[in-house]
Asks: 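First, the structure itself, so that you have it in front of you.
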Amino acid sequence: MSTMMTLPILFFLPYSVRAASQLALHHGGIAEALVAKTLTALTAMNGSYMALSPEKAGVKLYHLSKEDITPTVANMIRNNGMSALSLATTNALLAYAKVKPSIAIAAGLIPRLIVLFHHFNSKVPVRISLGGLAPGYILQILCAASLVMSKWIDSSVAMAIMSFFYISAGVGASIAPKMLFKLLLRLDNPTEIEERCLRAQGKTDLINGVLIWALSIGQDFPRALGLSCVAWISAIIYSDFIAHAGTSRSDAISQLMISGVTAVILL
C-alpha cells in the first residue's frame with residue numbers, strides 16, 4: 001500500500017467506523033460491511049492514481065523529486081497501482097456484487113495482466129526485464145481459468161496456488177528486494193528508490209495473497225480482509241520500522257493505525 005492511502009483513509013475511516021459501530025448496535029454485520037466497502041473504494045482510488053499518473057504519484061505519494069522518477073521507477077509505480085487495482089477488483093466484487101470468491105479472485109488477475117502486457121509492449125526503455133515473471137503468470141492464468149470454468153483444478157487448490165505467488169512475491173520484496181530484482185527482474189544493481197518501490201508493491205502483494213489464502217480455506221470476506229490487514233501490519237512493522245524502507249515515520253504510523261483499527265473491526 002502506498003502513502004496516498006494514508007491521508008484519505010485516516011480522514012474518512014474514523015467517521016466510517018463511528019457510524020458503522022452505531023449501526024451495528026441495531027444491525028449485525030453492518031460495521032464490517034461498511035468498513036470493508038470504504039477500504040475497497042479507497043484502495044481503488046489509490047491504485048487508479050498510481051496506474052494512470054505514475055509520475056505525479058511519484059511526487060505526491062512517494063515524495064520523490066521529478067529527477068528521481070526514471071522510466072524504470074515510473075513503470076514500477078504503475079505496476080504497484082495495477083496491483084492495488086487487482087486487490088480492489090477482488091474486494092469490490094466481494095463487497096458490492098457478492099459474487100463467488102473464485103470469480104472475484106480470477107477477475108482480480110486482469111489488472112495485473114494489463115500492466116504486464118503494457119510493459120512488454122512499451123517502447124520506453126527500462127532497466128528491468130519481466131521475462132522471469134512469465135512462467136508464474138502463465139500458471140496463474142491457468143488457475144484463474146480453472147476458477148471461472150470450475151474445471152481441471154479444485155477451486156480451493158487454485159486459489160491456494162495464486163495466493164502462494166502473491167505471498168512469496170510480497171515476502172521476497174520486503175525481506176530480500178535485491179535478490180528478487182536479480183532473479184525475476186534481471187536487474188543486478190537496483191537503486192535505493194527502485195528498492196523502495198519494490199517494497200511498496202511487496203506490501204500490496206502480501207495483502208492480496210493473504211486475502212486469497214483466507215478465502216481459499218473458507219473464511220468469509222470480512223474476516224479474510226481482516227486477516228489481510230494483519231499481514232499489512234506485519235509488512236509495515238518490518239519494512240518501515242525494521243528495514244527502514246524509506247516511508248516517512250508519520251506515514252508508517254498512519255498506515256499502522258488504519259490497518260490495526262480495520263483488523264480489530266473485521267476480526
Side-chain angles (χ1 to χ4, degrees), residues 1-2 4-6 8-10 12-13 16-17 20 29-52 79-115 140 143-144 147-148 155-156 158-160 162-167 169-170 200-236 255 258-267:
M1 290 285 186
S2 77
M4 179 189 180
M5 186 174 288
T6 60
I9 294 182
L10 196 61
F12 287 111
L13 191 59
S16 300
V17 170
I30 291 182
E32 292 85 352
L34 184 56
V35 170
K37 289 179 178 180
T38 301
L39 196 59
T40 296
L42 291 169
T43 301
M45 179 183 70
N46 182 60
S48 297
Y49 187 53
M50 288 191 291
L52 297 175
N79 194 53
N80 192 16
M82 294 301 277
S83 295
L85 284 176
S86 171
L87 176 62
T89 298
T90 298
N91 288 352
L93 290 174
L94 292 169
Y96 293 95
K98 309 294 184 184
V99 304
K100 291 170 56 179
S102 57
I103 300 300
I105 292 168
L109 184 61
I110 294 174
R112 293 175 179 270
L113 295 178
I114 290 173
V115 76
Q140 288 183 64
C143 289
L147 290 173
V148 172
S155 61
S156 62
M159 286 189 283
M162 295 182 72
S163 73
F164 169 78
F165 281 102
Y166 294 151
I167 292 173
Q201 179 164 349
K203 288 183 185 178
T204 307
D205 287 339
L206 182 61
I207 293 166
N208 205 345
V210 171
L211 175 76
I212 295 173
W213 167 78
L215 292 170
S216 75
I217 61 173
Q219 299 292 331
D220 60 19
F221 171 59
R223 184 167 180 81
L225 188 59
L227 290 171
S228 72
C229 284
V230 173
W232 187 8
I233 293 169
S234 301
I236 294 167
Q255 290 186 42
I258 294 161
S259 54
V261 170
T262 304
V264 168
I265 293 172
L266 296 178
L267 295 176

Asks: Decide yes or no for Asn46 and Leu42: does some side-chain heavy atom of the first lie under 4.5 Å from some side-chain heavy atom of the second?
Replies: no
Asks: Once side-chain contact (heavy atoms from CB on, under 4.5 Å) is applied, do any residues pair with Ile110, and if so which ones, sequence neighbours excluded?
Replies: Ile114
Asks: Among pairs that include at least one residue of residues 38-51, which meet salt bridge (Lys or Arg N to Asp or Glu O under 4.0 Å), considering only residues two or more places apart or in two chains?
Replies: none
Asks: Heavy atoms only: give me the nearest Thr89-Pro111 pair and the separation to one decimal.
Replies: OG1-CG, 3.8 Å
Asks: Who are the side-chain contact (heavy atoms from CB on, under 4.5 Å) partners of Ala104, not counting sequence neighbours?
Replies: Thr90, Leu93, Leu94, Val99
Asks: Would you say the side chain of Val210 lies within less than 4.5 Å of the side chain of Val230, judging by non-hydrogen atoms?
Replies: no
Asks: Can you tell me how far the CG atom of Leu267 sits from the OG1 atom of Thr262, to the nearest 0.5 Å?
Replies: 10.0 Å
Asks: Looking at Leu266 and Pro222, what are the two nearest heavy atoms and their distance?
Replies: CB-O, 3.4 Å
Asks: What distance separates Leu109 CG from Gln140 CD, expressed to the nearest 0.5 Å?
Replies: 5.5 Å
Asks: Could you check whether any side-chain N or O of Ser86 sits under 3.5 Å from a backbone N or O of Met82, counting only pairs where one atom can act as donor and the other as acceptor?
Replies: no
Asks: What distance do Phe221 atom CZ and Glu32 atom CD have between them, rounded to the nearest 0.5 Å?
Replies: 12.0 Å
Asks: Could you give all pairs that pass the side chain to side chain donor-acceptor pair (under 3.5 Å) test and reach residues 211-224, with sequence neighbours left out?
Replies: Gln219-Arg223
Asks: At what distance, to the nearest 0.5 angstrom, does OG1 of Thr43 lie from CG of Asn208?
Replies: 10.0 Å
Asks: What residues form a side-chain contact (heavy atoms from CB on, under 4.5 Å) with Ser102, not counting sequence neighbours?
Replies: Lys100, Leu147
Asks: Which pairs, with at least one residue in residues 103-113 and sequence neighbours excluded, count as a salt bridge (Lys or Arg N to Asp or Glu O under 4.0 Å)?
Replies: Arg112-Asp205
Asks: Enter the distance from Met159:CE to Ile217:CD1 here, rounded to the nearest 0.5 Å.
Replies: 10.5 Å
Asks: Answer yes or no: is there a side-chain heavy-atom contact under 4.5 Å between Thr40 and Lys37?
Replies: no
Asks: Assess the residue pair Cys229 and Leu39 against the criterion (side-chain contact (heavy atoms from CB on, under 4.5 Å)); give the C-alpha distance rounded to whole Å, side-chain angles, the decisive distance to 0.1 Å, and a yes or no.
Replies: CA-CA 11 Å; Cys229 284; Leu39 196 59; 4.1 Å; yes
Asks: Ile233 and Gly260: which non-hydrogen atoms are nearest, and at how many Å?
Replies: CD1-CA, 3.7 Å
Asks: Nearest heavy-atom pair of Ala106 and Ala144: which atoms, and what distance?
Replies: CB-O, 3.7 Å
Asks: What verdict does the side-chain contact (heavy atoms from CB on, under 4.5 Å) test give for Leu211 and Ile207, after you've listed the backbone C-alpha separation in whole Å, the side-chain angles of each residue and the deciding distance to 0.1 Å?
Replies: CA-CA 6 Å; Leu211 175 76; Ile207 293 166; 5.6 Å; no
Asks: Which residues satisfy the side chain to side chain donor-acceptor pair (under 3.5 Å) test with Ser48, sequence neighbours excluded?
Replies: none
Asks: Hey, what do you get for CG (Asn79) to CD (Gln201), rounding to the nearest 0.5 Å?
Replies: 4.0 Å
Asks: Apply side-chain contact (heavy atoms from CB on, under 4.5 Å) to Phe164 and list each qualifying residue two or more places apart in sequence or on a separate chain.
Replies: Ser168
Asks: Can you list everything that forms a side chain to side chain donor-acceptor pair (under 3.5 Å) with Asn91? Sequence neighbours excluded, please.
Replies: none
Asks: Any side-chain heavy atom of Ile258 sitting closer than 4.5 Å to one from Trp232?
Replies: yes
